[in-house]
Amino acid sequence: MARSSDPRGRPLRSVLYIPGARERALEKARDLPADAIIFDLEDAVAVDEKENARTLLARKLAEGGYGARMRIVRINGLDSPWGRADAAAFAGSTADAILVPKVASPADLDAVAALVPDLPLWAMLETPAGVLNAAAIAAHPHLEGMVMGTNDLAKELSARVGPGRAELLTALQLCLLAARAHGLAIIDGVFNAFRDAEGLARECAQGRDMGFDGKTLIHPAQIEVANTAFAPSETEIELARRQISAFEEATSAGQGVAVVDGRIVENLHVATARELLTRAEAIAAAAS
Ligand SMILES: CC(C)(COP(=O)(O)OP(=O)(O)OC[C@H]1O[C@@H](n2cnc3c(N)ncnc32)[C@H](O)[C@@H]1OP(=O)(O)O)[C@@H](O)C(=O)NCCC(=O)NCCSC(=O)C[C@H](O)C(=O)O
Ligand SMILES: [Mg+2]
């Protein structure tokens, strides 16, 4: 299954969390070049601020000004004192999707879908049960995307995660397999050292090469790094064009394969090349 964008074709390279209680950050986000925003009511909001954050966020979303970028609201879990009221507040809102934290099984999504039947759901994969049930979760009819919660997952695993994230690779790959098997978008977890641009670039490259559509971010300084890492490079675009035209020439000469730069090009490589060009066009369109 090919790399995906959101269902409306928008890129998802940079997905920025904004704490729902931070009015200044909610306003600043209107001018930030993130492809998507997760308006957070869960872990980024202190207990005392939960009700205020819900009211503030509902007002800011109603005011609009977030452009074409995807707007996702992360509610609190339904097992918390705030989850049901969060879901009720954003059912029928202008949000593009509701993100459900700590999804452990499809039943968790059923419960939210009953409260918010009109909006697509996204699922946080951040518990051992969630990762082990990723395929069943990905098959949920309301689900459009998945987000890795690598901080919670590391906590639940008692893992000490180092550079290269070897400790999390099995979980990341299980969730990727589930998302791709069901045609869902999937976004990599956050990189906590938000002033370390080089470390972020390395982790973005790793996530991109594994197949993630983009990276979740916690600070505006991380946006450009993710946008660059998850966009096709000029070299890749130029190669894709050459592969397509070489393959078209080969097929019109009655051959089933072409060779470009010493490598075979078959139908499936052309499909990948076309998908890359479509993604590059979507990124250009989103920037204009
Ligand atoms: C990490 C931060 C607390 C740092 O905040 P701050 O000290 O205010 O940073 P700066 O002074 O450098 O901020 C500069 C300006 O940028 C704005 N800003 C900061 N962060 C954001 C943001 N996330 N979105 C939009 N705008 C932001 C500031 O307002 C400043 O603007 P200005 O006033 O014009 O100068 C902070 O970045 C932060 O709170 N980040 C988000 C943290 C968060 O959302 N955490 C929860 C999600 S991560 C998670 O839960 C993952 C998952 O569940 C898992 O388990 O892994
Ligand atoms: Mg989490």
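Order of appearance sets the numbers: ligands from 1, and atoms from 1 within every ligand. Fair warning: this is a prediction, and the values are worked out from it, not measured in the lab.
Within the 4.5 Å cutoff, side-chain heavy atoms of D213 are placed close to those of I186. Proximity of D152 to T127: side-chain heavy atoms (C-beta onward) are nowhere separated by under 4.5 Å. V131 has its side chain within reach of C175: a pair of non-hydrogen atoms, C-beta onward, lies under 4.5 Å apart.
From the protein, the heavy atom lying nearest to atom 35 (O) of ligand 1 is K28 NZ, 4.4 Å. Protein heavy atom nearest atom 41 (C) of ligand 1, with residue, atom name and distance: I218 O, 3.2 Å. In terms of protein heavy-atom proximity, atom 12 (O) of ligand 1 is closest to H219 NE2, 2.7 Å. Looking from atom 56 (O) of ligand 1 to the surrounding protein, the closest heavy atom is N151 N, 2.7 Å. When hydrogens are left out, the protein atom nearest atom 34 (O) of ligand 1 is R24 NH2, 2.6 Å; that is the closest non-hydrogen contact. Counting only heavy atoms of the protein, atom 23 (N) of ligand 1 lies nearest to Y17 O, 2.8 Å.
Remark: the backbone N or O of A44 is paired with a side-chain donor or acceptor of D40 at under 3.5 angstrom. A distance-only check finds a donor-acceptor pair linking the side chain of R69 to the backbone of A34 [under 3.5 Å]. Without hydrogens or angle criteria, E126 side chain to N151 main chain gives no donor-acceptor distance under 3.5 Å.
At a 3.5 angstrom cut-off on N or O pairs, D152 counts as close to ligand 1. Polar contact check, D40 against ligand 1: no nitrogen or oxygen pair lies under 3.5 Å apart. The shortest N or O to N or O distance between F194 and ligand 1 is not under 3.5 Å.
When the Mg ion (ligand 2) is compared with the N/O/S atoms of D152, atom OD2 turns out nearest. Looking at E126, its N, O or S atom nearest to the Mg ion (ligand 2) turns out to be OE1.
Within ligand 1, counting atoms from 1 as listed, the ones closer than 4.0 Å to a heavy atom of E126 are 52 (C), 53 (O), 54 (C), 55 (O). Atom numbering of ligand 1 starts at 1 in the shown order; those under 4.0 Å from a heavy atom of A44 are 43 (C), 44 (O), 45 (N), 46 (C). Near M124, meaning under 4.0 Å from one of its heavy atoms, ligand 1 places the atoms 52 (C), 53 (O).
In this structure, atom 10 (P) of ligand 1 has a protein heavy-atom contact shorter than 4.0 Å. For atom 29 (O) of ligand 1, the nearest protein heavy atom lies closer than 4.0 Å.
Using a cut-off of 4.0 Å between Lys/Arg side-chain N and Asp/Glu carboxylate O, K102 and D79 are scored as not salt-bridged. Remark: R54 engages E51 in a salt bridge, criterion side-chain N to carboxylate O under 4.0 Å. A salt bridge is defined here as a Lys NZ or Arg NE, NH1 or NH2 lying under 4.0 Å from an Asp or Glu carboxylate O, and R160 with E167 fails to meet this definition.
Within the 4.0 Å heavy-atom shell around ligand 1 one finds P19.
Neither the backbone nor the side chain of L153 comes within 4.0 Å of ligand 1, counting heavy atoms alone. Looking at R195 against ligand 1, only its side chain comes within 4.0 Å, counting heavy atoms.
The residue among E23, E42, R74, R22 with a heavy atom at the shortest distance from atom 49 (C) of ligand 1 is R74. Counting heavy atoms only, P220 comes closest to atom 19 (C) of ligand 1 of the residues A29, P220, A25, A221.
Ring centroid separation for the pair Y66 and F39 comes in under the 6.0 Å cut-off.
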